[in-house]
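FYI, side chains are in, hydrogens and waters are out, and symmetry mates aren't considered; it's all heavy atoms of this structure. Read the numbers this way: they start at 1 and go in the same order the structure lists the ligands and their atoms.
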Amino acid sequence: MSFNLVILERQDAIGKITLNRPERLNALCRPLLQELRGALEALAEDRSVRAVVLTGEGRGFCAGQDLSEPALHEGAGIDEEVALSLDRYYHPVLLAIADMEKPVIAQVQGVAAGAGCNLALACDIVVAGESATFLQAFTRIGLVPDCGGSWILPRLVGSARAKALMLLAEEVPASEAERIGLIYRCLPDGELAAGAQALAQRLAQGPTKAYGLIKQALKESGAEGYGAQLDLERDLQKQAAASGDFREGITAFAAKRPPRFSGS
Ligand code: T3D
C-alpha cells in the first residue's frame with residue numbers, strides 16, 4: 001500500500017504514523033482512514049516494531065470526520081452513509097489499535113475534535129502539548145459521540161464528567177485533561193515530541209507480550225463480573241508466564257541486573 005494522507009516511518013523499534021492533511025486539521029476522509037488502517041496493520045505485523053506513535057502534521061492533531069466529504073451532503077440516505085462509514089472505515093482503525101499487541105502512544109498537538117478526540121483516546125497512552133485541546137464536538141453538529149467515546153470516557157473520567165463533556169461539547173485544555181484523568185500527561189509544547197519519543201523508546205524495550213496481554217485484560221474488564229475478570233487475568237498471566245521476557249525478568253532479578261527484554 002502506498003501512503004499519501006498518512007506518513008509511515010520506522011526508526012529502530014518504533015513505528016510512527018502522522019496524519020497528513022494539515023490544511024484541514026487532519027480531518028478524517030475515507031481515503032485517509034483506509035491508509036491509517038493499512039499503516040496500523042503494517043506496524044502490527046512488523047515484528048521489529050515494538051511501540052507506535054500516532055500524531056498529526058501541522059497545528060492540529062485531528063478535527064474528526066471531514067465534514068466536507070460528498071457523502072455527507074447528498075441528502076437522502078445520509079444516515080446509512082454515516083453508519084456505513086463507521087462500520088467500514090472507522091471501526092477497523094479503532095480495532096487495529098485495540099488489538100495490536102504493542103503499545104500505541106497518541107502525541108497530540110493542537111485540537112483533537114470529534115472522532116479525532118476519540119481516536120487519540122483509543123490509544124494506550126495519550127500525551128499532549130500544553131496548548132492542545134480535547135473536544136467531544138459531536139453535539140455541536142447534532143450527532144452523538146462515536147468511535148468508542150461513550151465507552152472510554154466514563155472509564156477515564158467517571159460518568160458525571162463524561163456526560164458533561166459529551167452533552168456540552170466544551171473544549172478541554174490539555175492541563176485540565178491531565179488533571180481529570182482524560183490523558184496521561186500534559187507537556188510543554190516544546191517538549192511534546194521528545195517526550196512522546198522517550199516514552200516510545202522505553203516501551204519499545206519492554207516486555208511486549210505482557211503489554212499486549214495488559215491491553216487485552218483492560219479491554220475486556222467490566223464486560224463480565226469480578227469473578228470472570230479474575231479468571232481472565234489467570235489465563236492472561238499463564239500466557240505471560242510462558243514468554244521469554246518473563247524468563248528474562250526472573251533471571252535478571254536473581255542476577256541483580258536490569259532485564260533485557262526482547263519482546264519474545
Ligand atoms: O461520516 C461519519 O462517519 C460521521 C462521523 C462523525 C464523527 C465526527 O468526527 S463528528 C465531528 C466532526 N468534527 C467537527 O465537528 C469539528 C469541526 N471543526 C471545528 O469545529 C473547528 O475547525 C475546530 C474547533 C476543530 C478548530 O477550529 P480552528 O478555528 O482552530 O480552525 P478552523 O479555521 O475552523 O479550521 C481550519 C481549516 O480546517 C478550515 O478550512 P479553511 O477555512 O482554512 O479552508 C476548516 O474548514 C477546516 N476543517 C476543520 N475541521 C474540519 C475541517 N474541514 C473538514 N472537516 C472538518 N471536520
Side-chain angles (χ1 to χ4, degrees), residues 4-7 17-38 40 54-98 106-123 126 128-154 156 162-177 182-183 186 189 192:
N4 299 306
L5 300 174
V6 306
I7 302 166
I17 302 173
T18 306
L19 309 175
N20 190 28
R21 293 183 82 206
E23 72 287 357
R24 295 237 165 248
L25 295 177
N26 301 312
L28 302 165
C29 57
R30 291 179 181 186
L32 187 153
L33 288 163
Q34 280 179 307
E35 288 190 23
L36 179 55
R37 177 185 182 175
L40 286 164
L54 174 65
T55 190
E57 185 67 30
R59 73 175 174 91
F61 175 76
C62 177
Q65 165 65 33
D66 186 336
L67 298 177
S68 67
E69 269 206 321
L72 296 178
H73 296 271
E74 280 163 7
I78 189 174
D79 52 343
E80 296 293 343
E81 278 298 331
V82 167
L84 176 144
S85 166
L86 288 171
D87 265 343
R88 194 173 294 172
Y89 297 95
Y90 281 96
H91 294 178
V93 165
L94 298 159
L95 291 171
I97 294 171
Q107 175 189 318
V108 179
Q109 83 289 359
V111 70
C117 182
N118 292 341
L119 174 65
L121 300 181
C123 296
V126 185
E130 60 196 346
S131 63
T133 53
F134 295 82
L135 170 60
Q136 291 292 310
F138 304 89
T139 57
R140 290 190 179 188
I141 55 168
L143 289 180
V144 300
D146 56 20
C147 295
S150 61
W151 192 89
I152 191 86
L153 281 164
L156 292 173
K163 266 191 208 161
L165 293 178
M166 290 190 269
L167 296 176
L168 299 175
E170 291 174 344
E171 286 183 14
V172 182
S175 56
E176 172 76 354
L182 188 66
I183 65 169
C186 167
D189 288 334
L192 175 62

task: I would like to know whether Arg21 and Asp66 meet side chain to side chain contact (heavy atoms under 4.5 Å, CB included); could you show each step before the answer?
output: CA-CA 10 Å; Arg21 293 183 82 206; Asp66 186 336; 2.8 Å; yes
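- Not a single donor-acceptor pair under 3.5 Å links the side chain of Gln107 to the backbone N or O of Thr55.
- Panel note: side chain Glu69, backbone Arg30; a donor-acceptor pair is recorded below 3.5 Å.
- When side chains are defined from C-beta on, Arg140 counts as touching Leu135, because their heavy atoms get closer than 4.5 Å.
- With rounding to the nearest 0.5 angstrom, the CG atom of Leu67 is 7.0 Å from the NE2 atom of His73.
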Taking a 3.5 Å cut-off between nitrogen or oxygen atoms, can you list every pair linking ligand 1 to the protein, with distances?
residue	atom	partner	partner atom	Å
ligand 1	3 (O)	Ser85	OG	3.0
ligand 1	9 (O)	Gln65	N	2.9
ligand 1	9 (O)	Ala115	N	2.8
ligand 1	13 (N)	Ala63	O	3.0
ligand 1	30 (O)	Arg59	NH1	3.0
ligand 1	30 (O)	Arg59	NH2	3.4
ligand 1	31 (O)	Arg59	NH2	3.0
ligand 1	53 (N)	Arg24	NH1	3.4
ligand 1	55 (N)	Leu67	N	2.9
ligand 1	57 (N)	Ala63	O	3.2
ligand 1	57 (N)	Gln65	O	2.8

task: List the steps, then state whether side chain to side chain contact (heavy atoms under 4.5 Å, CB included) holds for Cys147 with Leu119.
output: CA-CA 7 Å; Cys147 295; Leu119 174 65; over 6 Å; no
